[in-house]
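A short worksheet on the structure shown next.
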Amino acid sequence: MQSGAKAFPSASLSGMITAPGDKSISHRAIIFGALAEGETVVTGLLRGADIYSTIGAMTALGAKVTETDDGKFVIKGCGSAGLKAPKKPIDCGNAGTGVRLIMGAAAAYNIKAEFTGDESLRSRPMARVLDPLRLMGVETEASDGDRLPATIRSAGNLSPIDFTPPHASAQVKSAVLLAGLRTEGKTIVRETRLSRDHTENMLRAFGADVQTRPKDEGQIVTIEGPIDLIGTRVNVPGDPSSAAFAMVAALITPGSDICIENVMMNPTRTGLIETLAEMGGEIRADNFRKSGGEVIADLHVRYSALRGINVPPSRAPSMIDEYPVLAVAAAFAKGDTIMNGIEELRVKESDRISATVELLRRNGVNVTESADGMRVKGGSPVQGGAEVRTFHDHRIAMSALVLGLAAQEPVSIDDASMIATSFPEFFDLMAAIGAKMEMTG
Ligand code: S3P
């Protein structure tokens, strides 16, 4: 059901919150646990709708996932018995990461499976995953433009490939590596730019030998199949992409001083922190520790006088989901912030370049759009007062509400329901630091 929300100009934000479980790591914990032999126990799993879609999909493929009374998730993997053919089409909801990784994993078994999703997911390109799977020998049928619904049919004995993805994409890298797990011989992925490396790290935790070799700005990843994953324990660290909303809210709301605990500091994910610091944002990380194979820290963020910068396009993969909220920060920064080399944003849950440009313009911010980016002219007081169209995109919805906290007039959004895909605790956590937001009918 569609219901809106509204954010009001707020007094200074303060207090301490804990970042929710990382979405990328949560998907992988469920998928790898379902492929593995034996039991995997996951703590700190994100309870987002996208993750429940992945749990539903892996259950349909034969795994058993249960939640314990103390909030852990226990996965009984398919292991040597293998994934089984689902009885009906698998609906992955809004989860792009889920469907792309699962198609890769499922393709290596002797099964036929149809995948679909919600309206947003059905509009997103799947060729980036189907193309390499076809090269490995998978038969596919897909809707126009290689979109969902799509069916993969595999005899299970795939050929290994040496593949260079055309875009920096952790989803594509992961889909190919997962198909490679059950494929005899060397599956190689050559990344020209490093994307998030959670698949490589977590496959190792499940006992796989994953070789990585840096090359220029990217890396070469090699696995040699067949590889049997063994169930393990996964502790999911906090999501820097969700922490981003509280971080920007504190930076732009005068007088704010907050702490966000448990934020994953993996360098393939910290591009926004680096960028906001270059813009003059006071963000201090302390209490560095290891959790679930990743470094986590607590972030102390204070209201800061921001200045516009030219964001290096090479940094895009490490902050790809954070551009909408960065554009909100840029609206409050003195001078121009230039973001380019981000054409991938056009094929996310919505066309995030045009949705962000519309969000800002409707609220009185001067912004120009180009094919591969945008330029925000910040510095004047941000008027606010508009209703923002979210295009069923959780990150557009949360970015608009963050803007409303520091604008002159309240900002509303047409639909808040999608926020639950990645950050169901968003309203509670923002209220805990003093942000004024409410649901509207
Ligand atoms: C993700 C990779 C990114 C990101 C998405 C999560 C992942 O997508 O936008 O939210 O978990 O692998 P791309 O692989 O398309 O860059």
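Just follow the structure's listing: the first ligand is 1, and inside any ligand the first atom is 1.
For CD of E184, the number of neighbouring non-hydrogen atoms (other residues, nucleotides, ligands) closer than 6.0 Å is 12 at most.
Atoms of ligand 1 lying under 4.0 Å from any heavy atom of A168, numbered from 1 in the order shown and given with element: 16 (O). Of all atoms in ligand 1, listed by their number and element, those nearer than 4.0 Å to a heavy atom of D321 are 4 (C), 5 (C), 9 (O), 10 (O). Each of the atoms 13 (P), 14 (O), 15 (O), 16 (O) of ligand 1 lies under 4.0 Å from some heavy atom of S169. Interface of A170 with ligand 1, defined as ligand atoms under 4.0 Å from a residue heavy atom, comprises 12 (O), 14 (O).
T97 OG1, 3.2 Å is the protein heavy atom nearest to atom 6 (C) of ligand 1. The shortest contact between atom 8 (O) of ligand 1 and any protein heavy atom is with K348 NZ, 3.1 Å. Nearest protein neighbour of atom 11 (O) of ligand 1, counting heavy atoms only, is S24 OG, 2.7 Å.
With a 4.0 Å cut-off on non-hydrogen atoms, K173 does not touch ligand 1 at all. Under 4.0 Å from ligand 1, not a single heavy atom of S174 appears. Using a 4.0 Å cut-off between heavy atoms, H27 makes no contact with ligand 1 at all. Contact annotation for H198 and ligand 1: no heavy atom of the residue comes within less than 4.0 Å of the ligand.
Taking 4.0 Å as the cut-off between side-chain N and carboxylate O, E141 and R153 count as a salt-bridged pair. Using a 4.0 Å cut-off between charged nitrogen and carboxylate oxygen, K72 and D70 count as a salt-bridge pair. Salt bridge absent: E119 and R147 never bring a charged side-chain N and a carboxylate O closer than 4.0 Å.
In this model, no donor atom of one side chain and acceptor atom of the other lie less than 3.5 Å apart for N340 and D372. Side-chain atoms of R100 and S174 include no donor-acceptor pair closer than 3.5 Å. With 3.5 Å as the limit, one finds no donor-acceptor pair spanning the side chains of T116 and D91.
In terms of polar-atom proximity, defined here as any N/O pair under 3.5 Å, Q171 does make such a contact with ligand 1. The shortest N or O to N or O distance between R28 and ligand 1 is below 3.5 Å.
By the 30° and 60° cut-offs, the orientation of the rings of F32 relative to F206 is perpendicular.
With contacts defined as side-chain heavy-atom distances shorter than 4.5 Å, the pair F73/V41 does not qualify.
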